Amino acid sequence: MASLSLQHIYKKYPGGVTAVSDFNLEIKDKEFVILVGPSGCGKSTTLRMIAGLEEITEGELYIGDRLVNDVAPKDRDIAMVFQNYALYPHMTVFENMAFGLKLRKTPKDEIRKRVQEAARILDIEHLLERKPKALSGGQRQRVALGRAIVREPKVFLMDEPLSNLDAKLRVQMRTEITKLHQRLQTTFIYVTHDQTEAMTMGTRIVVMKDGFIQQVDDPQILYNSPVNMFVAGFIGSPQMNFCTAKVIKQDGDTYLEFGIRNRVKLSAKKAAKFGSEYDDKEVIMGIRPEDMYDDDESLAKFPDSIVTATVDVTELMGAETYLFLTIDDIAFTARVKPTSTARRTDVIKVAFDPDKVHAFDKETERVITN
């Protein structure tokens, strides 16, 4: 098995385009690391540099203790699963899975054993004699995974492998890949633009934007303690609410005031993060939808953080209700209990949980308090 070390990695293209800048990451043996970010942020380019499909412009890449910058892809002991499956249409499932081993002159008995074991793990034993055109999207993705598994590589690289599947199948395959990682006990590096995939699958998540790493953390820390507005807004669905707020210090208490004198009183711990340089200054306040409440119990619990909101749209989701609100012309989304009686055009009271309020510097967008 293998650890990876990416040290000051850059990817620069002719014409002065820099796709990846000063990428530093240590990946432990058997970790499941996810690279996530919007399209064009450099995550697939980084994966392709690890695979050897893109040349590294600057920096050093180690797999285990071995510097592999100039090592050919076939000699890196990695396997890559692509978004488009890349199966040979004229070959059976068995032949597709065995192809890489045949090229390596692996003995026939060994090939059969490995293919059948991979097929058993992926529950595709009954498909081995079929051609790809006779398979569903999920079955094709399993074959692509099987082709990687038979190689018994040190590192699995996956580039948006579920993006071609429908929503229900994506959820199922997320679980399958997570179980596969636990069973194989191998290092996985997985690229996606879907933050739900990242949150549910990864042991650690690397959030990227414009070729730079924004934050590397386990999913819960990333969610609860984002280092900047980009990470806060990218991780979480529905995304965090943001608005401009003024820092008001009065009678020993600190408030964030937004709209027309709507105030959220901060806890002493959060208030301590605001030095005198923020007195009467504007910051960006953030609150997650699930930290806004319209039930009587919460309104009684947070009396110093109640505001008046107009309900624009309600969406009953079964286990919860989404309220799309306007507070003094500022749009908010609240995720409340399914028992909520709020309906469109209602004017309601909403409480913010003051312990869950985030604040960011308006200029730098760096976090002040989580």
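Values in this document were obtained by computation on a predicted structure and should not be read as measured data.
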* **For T203, all residues meeting side-chain hydrogen bond (donor to acceptor under 3.5 Å, both in side chains), sequence neighbours excluded** => none
* Asked: In terms of hydrophobic clustering (I, L, V, M, F, W, Y; side-chain heavy atoms under 4.5 Å; direct or indirect links), are Y255 and F302 co-clustered?
  -> no
* Structure fact -> Rounding to 0.5 Å, atoms CD (Q139) and CG (L122) come to a distance of 11.5 Å
* Residue pairs involving residues 86-139 (criterion ring pair (Phe, Tyr, Trp, His ring centres under 6.0 Å); sequence neighbours excluded) -> Y88-F99
* To do: Supply the atom-to-atom distance K273 NZ to T254 OG1, rounded to the nearest 0.5 angstrom.
  => 13.0 Å
* Asked: Does K281 make a cation-pi contact with Y278 (under 6.0 Å, within 45 degrees of the axis)?
  -> no
* **Side-chain H-bond candidate by donor/acceptor type, T308 with K349, under 3.5 Å** => yes
* R170 side chain to L165 main-chain N or O, any donor-acceptor pair under 3.5 Å? -> yes
* Do the side-chain N and O atoms of E257 and N262 include a donor-acceptor pair separated by under 3.5 angstrom? -> no
* Do side-chain atoms of K337 reach the backbone of E320 as a donor and acceptor pair under 3.5 angstrom? -> no
* Worked check of side-chain contact (heavy atoms from CB on, under 4.5 Å) between I177 and L162 -> CA-CA 10 Å; I177 291 174; L162 308 185; 3.9 Å; yes
* Given V71, which of L67, D75, N69 fulfils the side-chain contact (heavy atoms from CB on, under 4.5 Å) condition? -> D75
* Structure fact -> d(S305 OG, L256 CG) to nearest 0.5 Å is 9.5 Å
* To do: For the residue pair I34 and T192, establish whether any side-chain heavy-atom pair is separated by less than 4.5 Å.
  => yes
* Any luck finding a side-chain donor-acceptor pair between Y190 and E197 under 3.5 Å? -> yes
* Asked: Between T187 (side chain) and K30 (backbone), is there a donor-acceptor pair under 3.5 Å?
  -> yes
* Pairwise distance CD1(I235) to CG(L222) - rounded to 0.5 angstrom -> 5.0 Å
* Strictly under 6.0 Å, is that where the ring centroids of F258 and F332 end up? -> yes
* Where the side chain of K43 meets the backbone of P38, is there a donor-acceptor pair that is under 3.5 Å apart? -> yes
* **Where at least one partner belongs to residues 236-249, residue pairs that pass side-chain hydrogen bond (donor to acceptor under 3.5 Å, both in side chains), sequence neighbours excluded** => K249-D279
* Asked: Would you say the side chains of D218 and Q220 form a donor-acceptor pair under 3.5 Å?
  -> no
* With a 3.5 Å cut-off and no angle check, do the side chains of H8 and E60 form a donor-acceptor pair? -> no
* Structure fact -> Separation between CG (L25) and CD1 (I213), nearest 0.5 Å, reads 5.5 Å
* Structure fact -> Sorted by chain and number, sequence neighbours left out, side-chain hydrogen bond (donor to acceptor under 3.5 Å, both in side chains) with Y13 holds for E54
* Look at the aromatic rings of F188 and H181 and report parallel, tilted or perpendicular, splitting at 30° and 60°. => perpendicular
* To do: May I ask you to decide if K28's main-chain N or O and E31's side chain share a donor-acceptor pair within less than 3.5 Å?
  => yes
* By side-chain hydrogen bond (donor to acceptor under 3.5 Å, both in side chains) - contacts of S163 (at least two apart) -> Q83
* Just checking, R288 and Y223: is the charged tip under 6.0 Å from the six-membered ring centre and within 45° of the axis? -> yes
* Looking only at atom types and distance, does a side-chain atom of T186 sit under 3.5 Å from a main-chain N or O of L184, one as donor and one as acceptor? -> yes
* Could I get the full list of side-chain hydrogen bond (donor to acceptor under 3.5 Å, both in side chains) partners for T326, not counting sequence neighbours? => D312
* In terms of hydrophobic clusters joined by side-chain contacts under 4.5 Å, are I78 and L47 together? -> yes
* Might you work through the salt bridge (charged side-chain N to carboxylate O under 4.0 Å, His left out) test for E117 and R120, ending with a clear yes or no? => CA-CA 5 Å; E117 174 61 14; R120 185 188 63 76; 2.7 Å; yes
* Taking atom types as modelled and ignoring hydrogens, do the side chains of T92 and E129 form a donor-acceptor contact shorter than 3.5 angstrom? -> no
* Atom pair CD1/NZ of I111 and K102 - distance to nearest 0.5 Å -> 6.5 Å
* Validate the cation-pi geometry between R335 and Y322: distance from NZ or CZ to the six-membered ring centre under 6.0 Å, angle to the ring axis within 45°. => no
* **pair C243-M285: side-chain heavy atoms closer than 4.5 Å** => yes
* Mind checking whether L128 and V143 sit in one hydrophobic cluster, side chains of I, L, V, M, F, W, Y counted as touching below 4.5 Å? -> yes
* To do: Indicate whether any N or O donor in one side chain lies under 3.5 Å from an N or O acceptor in the other, for R263 and Q250.
  => yes
* **No-hydrogen, no-angle side-chain donor-acceptor test under 3.5 Å, S340 and D294** => yes
